[in-house]
Every structure is written in C-alpha cells, then in structure tokens.
Amino acid sequence: MKVIHIISGGDSGGAKTHLIALSKELVKHIDLKIVCFIEGDFYKEAKAIGLPVVLIKQKNRTDALFSNELVEFLKNEKPDVVHAHGARANFAVFLKKKKINCPTITTVHSDYRLDFKDNLYKYIVFTMLNKISLGAFDYYIGVSPEFKKMLIERGYKEEKIFSIFNGVDFEEKLNLTSKEEFAKKHNLNIPKDKIIVGNLSRLEVVKGVDVFTKGAALCLKENDKLHFLVAGDGTQKENLLKLAKDLGIENDITFMGYITDSNDFLNYVDINCITSHSESFTYSLLEGARAHKASIASRVGGLPFLIKDNETGLLFDDEDVNKLKDNILKYANDESLRKQMGENLYSFAKENFSTDAMCKKHLEIYNEVIKNGKK
C-alpha cells in the first residue's frame with residue numbers, strides 16, 4: 001500500500017504532532033511519503049528524524065502553479081490514497097482533484113469555521129476557500145467522534161466520515177531536562193515553593209487563554225502560592241498581557257512565547273490546564289497524560305473522552321471561570337489528589353490512546369477506502 005500525506009510544512013500545533021507521531025508508526029507498515037509546500041516547523045522536524053518528506057515549494061498561498069508539480073509527483077508515485085491535513089493542503093488537492101486518480105482523504109483537526117477567526121481577512125477568505133476545498137474530498141477523518149458529528153451536522157455524508165483519536169507513544173524514552181535546567185533555559189525566576197499551573201496553547205481566540213488568565217486572577221485571591229505559566233504564541237499575545245496587567249496579576253503569570261521543548265514544559269508544571277472554546281482531541285492533554293500530570297480541561301469537543309470528571313481529571317464548562325478556579329484550587333490544596341489523578345490519567349491514556357492504536361485505525365480506513373474507491 002502506498003499513501004501520500006500532504007501538509008503545508010509550516011504547521012506547529014496539533015496537526016504537526018499528529019502527523020509526525022502517525023508517520024513514525026505508518027512507515028513500519030506501508031510505503032509512505034509526506035509532501036510539504038514550505039520549509040517550516042513540520043518540514044524541518046520530519047526531515048530531522050528521517051521521515052520520507054518531499055518539498056514541493058509554493059511561493060505563497062495564492063501561488064497555484066505549484067499544483068502542477070504536485071500532480072506530476074503524484075502521477076509518478078501512483079499512490080493508493082492521498083491524505084491531506086490542513087487548509088493549505090486541502091486547497092492543493094481541490095485545485096487538481098480531477099487529476100488525482102485515487103481516493104482522497106482529509107483529516108479535520110479543528111473546527112474550520114474557527115481556524116482564522118483572529119484575522120478578519122483570513123477569516124472571510126480562507127475559511128470560505130477551505131469550506132469549498134473540503135467538498136472535493138472522497139472521505140473525511142474527524143479527530144474525535146464529536147468532530148465526526150460536527151461534519152454530519154454540516155451536511156457531509158455520514159458513510160464518508162471516520163473518527164480517530166490522536167495518540168502518543170507511551171513507550172518512547174523522552175530525554176527530559178531537569179526542572180532546574182528548564183527554568184534556567186527560559187529565564188524563569190519562579191520561587192520553588194510555588195505550584196505551577198501550566199497552559200500549552202496557541203495564543204488565539206479559540207484556545208481561550210483569556211479564560212485561563214481570568215481563572216488565575218480568581219485563584220490568586222485565595223491562594224498566593226500559585227504561579228501561572230503559558231507556553232505559546234499568537235495574535236492574542238498583546239491582549240493577554242494587557243488583560244493580566246488590568247487584573248493585577250502580571251507578576252503571577254508568565255507568557256513564555258513559543259517553545260519547542262513541550263515535554264520539558266509539561267514535566268516542569270504541577271497542573272496541566274486546557275481552557276479552549278473548541279478542540280478536537282488536543283495533544284497538550286495527551287502529552288500531559290504521558291507526564292503523569294493532574295489535568296483540567298474545558299468540556300468541549302473530544303476532551304471529555306480523555307478527561308473523565310473526578311476520575312482521570314477535572315472538567316469545567318466552557319468559559320465558566322468560577323468552576324475553573326474551583327478545580328485549580330482543588331488540586332493546589334491537595335498534593336496527594338494531584339498525584340493520584342496524574343496516575344489515573346496516565347493509565348487510562350496509555351491503554352486507550354497510543355500511537356499504535358491510532359496507526360491500526362488508519363490502516364483499517366485506508367484498506368476500506370481503497371476497496372470502495374473514489375466516490
């Protein structure tokens with residue numbers, strides 16, 4: 001079986017983590033190649049770890065001529081399946097769909113109606129382009145049953161949609177730095193007696209980091225032994241810095257910016273917290289599970305499949321900052337509870353959300369779509 005994955009190459013979030021993890025498993029079973037359009041974070045990491053990645057350069061988002069080279073590449077490779085990830089890859093397949101002589105699949109990693117909400121121009125133009133591009137595919141994979149349900153509700157045919165959970169490699173030996181080394185590397189001058197509440201997210205509206213910041217302010221009124229740590233960058237950074245200052249907590253919350261050592265970040269924090277308004281099945285929680293971290297998540301998308309309230313973690317309704325505060329303080333005031341919940345989450349995630357399970361499910365889907373052919 002030969003499968004060609006297509007991704008922009010500049011991805012730095014969940015889609016990047018997903019395809020890197022998936023490809024490391026798939027190459028053990030099938031003939032796999034990954035096509036990228038730019039030399040960004042994904043392309044560099046995939047190349048560095050030896051994945052079979054090919055660069056077909058696109059000058060910019062409006063450059064459609066590169067698609068001719070893509071078609072020529074696919075013509076020579078003769079894949080059984082073409083599998084796209086993300087708006088840019090979707091558009092590339094849409095442009096030349098009639099010349100791709102095999103079934104096409106796209107994985108929906110996020111709610112495409114929210115992806116560009118932070119930029120009005122991109123929101124109007126790219127959201128519409130992605131919606132049009134999605135209509136060209138033969139099959140769809142939603143990252144969680146909730147995303148499959150979302151696609152059905154928006155008119156996509158149920159028989160053409162699969163759902164898969166993200167997975168991480170629980171057997172991988174991580175070369176972690178110590179907490180002291182991590183703090184020194186990132187100039188974190190946080191007193192050692194502080195309990196660190198972490199949030200690993202892109203700083204975009206959909207990630208709800210403003211909810212995290214407001215929750216932090218409420219917590220600090222009741223417990224001054226907390227410090228809040230945000231790793232990520234995005235269009236909302238200045239707004240979030242201003243919000244923290246307006247709330248009077250600018251010395252109690254640190255915005256680190258974009259980091260590459262996410263596993264070291266999760267090793268450093270005591271509580272892992274996701275406050276998104278919309279999620280498929282975020283890697284921030286899965287990687288936190290691998291790090292045995294007590295976790296809190298908003299009750300959105302596929303997150304409740306991993307975070308079982310009061311069993312493997314704590315949940316709160318989207319934007320309910322008071323419940324978020326209560327959950328953080330519940331962990332902060334009980335070290336044994338933090339440890340127990342971290343162990344519960346690790347055991348549950350290891351059994352149900354491994355890269356091996358994710359790979360097997362993809363192979364089942366590929367076999368089915370090859371059998372069924374193009375729609």
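For reference, positions follow the sequence shown, starting with 1.
Scored by the side chain to side chain donor-acceptor pair (under 3.5 Å) test, His5 finds His85, Tyr366 as partners (sequence neighbours excluded). By the side chain to side chain donor-acceptor pair (under 3.5 Å) test, Asp334 is found to be paired with Ser336, residues two or more places apart in sequence or in another chain being considered. With sequence neighbours excluded, no residue satisfies salt bridge (Lys or Arg N to Asp or Glu O under 4.0 Å) with Glu287. Residues that satisfy the side chain to side chain donor-acceptor pair (under 3.5 Å) test with Asp169, not counting sequence neighbours, are absent from this structure. Checked against side chain to side chain donor-acceptor pair (under 3.5 Å), Lys75 has no partners two or more places apart in sequence or in another chain.
In this structure the side chain of Leu174 reaches within 4.5 angstrom of the side chain of Glu172, judged on heavy atoms. No side-chain heavy atom of Ile105 sits less than 4.5 Å from a side-chain heavy atom of His362. A 4.5 Å side-chain heavy-atom check between Ser133 and Val93 finds every atom pair outside the cut-off. Under the 4.5 Å side-chain criterion, counting only non-hydrogen atoms from C-beta, Phe228 is in contact with Leu220. Counting only heavy atoms from C-beta outward, the side chains of Asn90 and Phe94 never approach each other to under 4.5 Å. With contacts defined as side-chain heavy-atom distances shorter than 4.5 Å, the pair Thr282/Ser276 does not qualify. Within the 4.5 Å cutoff, side-chain heavy atoms of Val81 are placed close to those of Ile370.
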Tell me, with the steps shown, if Glu72 and Asn68 meet side chain to side chain donor-acceptor pair (under 3.5 Å).
CA-CA 6 Å; Glu72 194 61 30; Asn68 294 326; over 6 Å; no
Could you give me the CA-CA distance, side-chain angles and deciding distance for Asn199 and Ser201, then say whether side chain to side chain donor-acceptor pair (under 3.5 Å) is met?
CA-CA 6 Å; Asn199 183 298; Ser201 299; 2.7 Å; yes
side-chain contact (heavy atoms from CB on, under 4.5 Å) between Ser163 and Ile161, intermediate numbers included
CA-CA 7 Å; Ser163 69; Ile161 308 170; over 6 Å; no
Quick one, Thr104 with Asp138, criterion side chain to side chain donor-acceptor pair (under 3.5 Å). Give me CA distance, side-chain angles, the key distance, then yes/no.
CA-CA 5 Å; Thr104 56; Asp138 300 310; 3.1 Å; yes
Leu345/Leu306 under side-chain contact (heavy atoms from CB on, under 4.5 Å): CA gap, chis, key distance, verdict:
CA-CA 8 Å; Leu345 180 59; Leu306 177 61; 3.8 Å; yes
Check against side-chain contact (heavy atoms from CB on, under 4.5 Å), Leu314 and Ile328
CA-CA 9 Å; Leu314 299 175; Ile328 293 172; over 6 Å; no
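Panel note: side chain Asp80, backbone Lys2; a donor-acceptor pair is recorded below 3.5 Å. With Ser298 contributing its side chain and Val300 its backbone, the two residues share no donor-acceptor pair below 3.5 Å. Checked by atom type and distance alone, the side chain of Asn333 pairs as donor or acceptor with a backbone atom of Leu329 at under 3.5 Å. The backbone N or O of Asp224 lies less than 3.5 Å from a partner atom in the side chain of Lys194, making a donor-acceptor pair. Side-chain N or O atoms of Asp309 include one that pairs as donor or acceptor with a backbone N or O of Leu315 at under 3.5 Å. Asp233 places no side-chain N or O within 3.5 Å of a backbone atom of Gly257 that could act as its donor or acceptor partner. In this structure a side-chain-to-backbone donor-acceptor pair under 3.5 Å is present from Tyr331 to Ser295.
Applying the ring pair (Phe, Tyr, Trp, His ring centres under 6.0 Å) test to every pair with at least one member in residues 298-317, sequence neighbours left out, gives these pairs: Phe165-Phe305. The salt bridge (Lys or Arg N to Asp or Glu O under 4.0 Å) analysis of residues 247-258, with sequence neighbours excluded, yields no pairs. Sequence neighbours left out, the pairs with a member in residues 343-353 that pass salt bridge (Lys or Arg N to Asp or Glu O under 4.0 Å) are Glu171-Lys350.
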Under 3.5 Å, side-chain donor or acceptor atoms of residues 39-55 against the rest of the protein: list the pairs with distances, not counting sequence neighbours.
residue: Glu39; atom: OE2; partner: Lys57; partner atom: NZ; Å: 3.0
residue: Asp41; atom: OD2; partner: Tyr258; partner atom: OH; Å: 3.3
residue: Glu45; atom: OE1; partner: Lys16; partner atom: NZ; Å: 2.5

Can I get a per-line list of side-chain donor-acceptor pairs under 3.5 Å for residues 210-218, giving both atom names and the distance, sequence neighbours left out?
residue: Thr213; atom: OG1; partner: Val209; partner atom: O; Å: 2.8

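For His18 and His83, the ring centers are positioned 6.0 Å apart or more.
Using a cut-off of 4.0 Å between Lys/Arg side-chain N and Asp/Glu carboxylate O, Lys185 and Asp264 are scored as not salt-bridged. The pair Asp317-Arg299 meets the salt-bridge criterion, since a charged nitrogen lies less than 4.0 angstrom from a carboxylate oxygen.
For the pairing with Ile34, the side chain to side chain contact (heavy atoms under 4.5 Å, CB included) check across Ile4, Ile7, Leu26 returns one residue only, Ile7.
Note that SG of Cys273 and CG of Asn327 are 8.0 Å apart. Values are rounded to the nearest 0.5 Å. The OG1 atom of Thr355 sits 4.0 Å away from atom CD of Glu25, with the distance rounded to the nearest 0.5 Å.
Ring planes of Phe281 and Phe353: tilted class, angle from 30 to 60°.
Taking Ile, Leu, Val, Met, Phe, Trp and Tyr as members and joining any whose side-chain heavy atoms lie under 4.5 Å apart, directly or through other members, Val71 forms no hydrophobic cluster with any other residue. Summarising the hydrophobic clusters (Ile, Leu, Val, Met, Phe, Trp, Tyr; side-chain heavy atoms under 4.5 Å, direct or chained), the residues clustered with Val269 are Phe182, Leu188, Ile190, Ile196, Leu200, Leu229, Met256, Ile259, Phe265, Leu266, Tyr268.
Counting all heavy atoms, side chain and backbone alike, Asn223 lies closest to Ala332 at ND2-CB, 4.0 Å.
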